[in-house]
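Order of the sequence lines fixes the chain letters, A, B, ..., with proteins taken first and strands second; residue numbering starts at 1 for each chain. From a predicted model like this one, the values you see are computed outputs, not experimental measurements.
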There are 2 protein chains.
Amino acid sequence: MKKVSLKDIATAAGVSTALVSYVLTNKEKEARVGEEIAKKIREIARKLNYQPNYIARSLKSGRSFTIGLIVADISNPFFGNIARTIEDEAKRNNYTVIFGSSDENAAKSGDLVNVLLNRQVDGLIITPAEGSEQQLRQLQAQNIPFVLIDRFFPDITASHITVDNYQGAKKAVEHLIRKGRQRIGMIAYKTTLHHISERKRGYQEALQTHGYSAGRSLLKTARYSHLKEDMQLAIDQLLNSRHRADAIFFATNSLAIEGLKYINERGIRIPDELAIITFDETDALDLFYCPVTFVRQPIPEMGKAAVRVLLEQINQPHKGIEHICIDTTLVVRKSCGKRR
Amino acid sequence: MKKVSLKDIATAAGVSTALVSYVLTNKEKEARVGEEIAKKIREIARKLNYQPNYIARSLKSGRSFTIGLIVADISNPFFGNIARTIEDEAKRNNYTVIFGSSDENAAKSGDLVNVLLNRQVDGLIITPAEGSEQQLRQLQAQNIPFVLIDRFFPDITASHITVDNYQGAKKAVEHLIRKGRQRIGMIAYKTTLHHISERKRGYQEALQTHGYSAGRSLLKTARYSHLKEDMQLAIDQLLNSRHRADAIFFATNSLAIEGLKYINERGIRIPDELAIITFDETDALDLFYCPVTFVRQPIPEMGKAAVRVLLEQINQPHKGIEHICIDTTLVVRKSCGKRR
DNA sequence: AAAATATGCTTAAACGTTTAAGGATGCAAG
DNA sequence: CTTGCATCCTTAAACGTTTAAGCATATTTT
């Protein structure tokens, strides 16, 4: 049961493959195809259940109608949701999506980029890993369209979609301040990635603006690769000091989840002993005995924007880059307690 | 900056493209290429940073080295994890993965199958939606290699990877029985899908074997599409009856999460008032104030098996189908309480 | 010395499309 | 009755590979 090709249709209709191609790609007008024969060709195509061979089409056109997506880890619901909206949106535009997970590792990410480019993707949507600047510059040198999502590098002039991480973090901390928390800690990843830096900056500026001493730092970091140990250490440091923290702001959902696991283990009561606030939502935070207040990133908007910007870049190479910054919303639950 | 092709290398080396192809695909032996010239060709290829065009290769070979993956919803961590292992494993075998989410909807799933086939995937890994039997039969008729994962249809003879859902459910219920629970309810999806049926069967047989009256049923169902409302109703029915349930077995993680949200809302205390057990793990269950006992599906094993079986089927079309059934493990936490 | 075989390379077709260029026919205008 | 111009269709090349077949030349076998 071989696949039906243009040639099969052409033979059946007694015409050349060219004519069939013109008709089936709706170029009858330009190619001045007769109405009768066009109808006949369509008829036969339908009858034989013709499905175009995208591979052949791609080879000829130099375009694959495929997008490459590189996320840190597709099994993390944050990225899963991004992937979901990107795939949906791509499909709406007749694109398919190939994906890979970089594990926040620049080398892996580089491998993935190469694999995807060999598959002739028309463009890439990337959550870049720390230290992947060089790769991106190479992409630029090769004129490969790409869009960064979730983070970017300030000194690389490329299109990107992010949320306003600075404002988001500030909102979070100010919420804690309004709730009367005195010693507000933050736990972030140990990384120079811009989105995390911005969240740190938002945290620090919020404290300063409201006259909190930025003296002895309550900003702790954990390594992505040693999350568990570093997290326990960070929390221990925050809670065992003489000036024990009475609130913790987690920079991402994965940090919050790991942190709360340990906080549970230590039997610390939220929100009485400790207020909690985090970036990103996830079921786990809903289900926590004290539902966690969080900064929401509008993932569907981000995903749609990423696809839109990428396709624009593919179709209008000289359009110039685009920086999209979307606002976050603070979703108040119970983990920061009442005013006191 | 055009891409480097075989022809460019051939020109640079002063030979034909055929020779270059032979060398770069390591067919020097069969093609009896001279050592000198082979070395030279390799040298030039490296210098020009040649990257083969997979599209062209695919067109010629009729193989795309691409797998299509259809899951219910990539943003669900269960499927995200499946996708993750499948992608990793595929990459190890020089395959890439295109994916799509069916939302448990047969029509969407059918669309996806068509899209992926048009992209000339070499095979498919599918979590089939309810009512998609016809699609699968069509795939069989077209001789498209595919492997089902997570579920299958007993009356369709196709390769599949599942866990032993029957035993898993039985283990879960027997655990509840050992803990002395008397009125054990179950909440599952309203579906005829086999994995869910098997879990229901495990539940029922466990009860029967241990002499529980299967009289008035404590097995409730919820629609995937109306999860929230149906879940609340189910739980209300289980808990408001005169013979109030003292344990609930959830058939999947999404059911457990939705269920626990409502249980929290109603302020029911786990495990004292109600024991909880579920299929599948997720962060949310870890983080619950009373960590939830669950039946673990070995996702990495499943993913790897799926890729292995699919590639076998692609490479040895007459190998015959394979049914892989993997054991689950019961992971005991605290949500079923102590013996009483 | 002729025939057979080995060696090292090229030619050319093929995969399924797309599309510029061209050819054949009919018809109106000169 | 030519010329010009639509109209409708075909030819053929191209995209970047792979690979069977062929063609010299050199070497071995008989």
D:dT18 phosphate, OP1 or OP2: any side-chain N/O from B:Lys27 under 4.0 angstrom? no
What's the closest nucleotide to the side chain of A:Ser16 if the choices are D:dA21, C:dT18, D:dT10? D:dT10
Nearest-Å distance, CD (A:Glu30) to C1' (D:dA6)? 17 Å
Is the NZ or CZ atom of B:Arg46 positioned over B:Tyr50's six-membered ring, under 6.0 angstrom from the centre and within 45° of the axis? no
For the pair made of CD in A:Glu36 and P in D:dC8, what is the distance, rounded to whole Å? 10 Å
5'-most contact on DNA chain C (nearest-nucleotide basis), B:Tyr22 vs A:Lys7, goes to B:Tyr22
Which of these nucleotides, C:dT10, D:dC15, D:dT19, is closest to any side-chain atom of B:Ser21? D:dT19
The answer to which of A:Thr17 and B:Arg32 contacts DNA chain C further toward the 5' end, by nearest nucleotide, is B:Arg32
Of all of residues 50-68 of chain B, which get a heavy atom below 4.0 angstrom from DNA chain C, listed by number? B:Leu59, B:Lys60
For A:Ser5, answer base if it contacts any base atom (sugar-phosphate contacts may also be present), sugar-phosphate if it contacts only those atoms, and nothing otherwise; contact means non-hydrogen atoms under 4.0 Å. sugar-phosphate
In this structure, how many angstroms lie between the P atom of C:dT18 and the CG atom of A:Leu19, rounded? 13 Å
Here the distance between atom P of C:dT17 and atom CG of B:Asn118, to the nearest Å, is 10 Å
Can you figure out which of C:dT18, D:dT11, D:dT18 approaches the side chain of A:Ala18 most closely? D:dT11
Are B:Lys319 and B:Glu312 close enough for a salt bridge, meaning some N to O gap below 4.0 Å? yes
So which nucleotide from D:dC9, D:dT19, C:dT10 ends up closest to the side chain of A:Val33? D:dC9
Test the B:Arg151-B:Phe153 pair against the cation-pi criterion, namely NZ or CZ under 6.0 angstrom from the six-membered ring centroid and within 45° of the ring axis. no
Quick one: are B:Leu310 and B:Asp122 in side-chain contact, heavy atoms under 4.5 Å? no
Quickly work out the A:Ile37 CD1 to D:dT7 C1' distance and round it to whole Å. 14 Å
Under-4.0 Å salt bridge between A:Glu301 and A:Lys304: no
Rounded to the nearest angstrom, tell me the gap between atom NZ in B:Lys29 and atom P in C:dT7. 13 Å
Just by distance, do the side chain of A:Thr66 and the backbone of A:Thr96 share a donor-acceptor pair under 3.5 Å? no
Does one side chain, of B:Ser109 or B:Gln135, offer a donor that lies under 3.5 Å from an acceptor on the other? yes
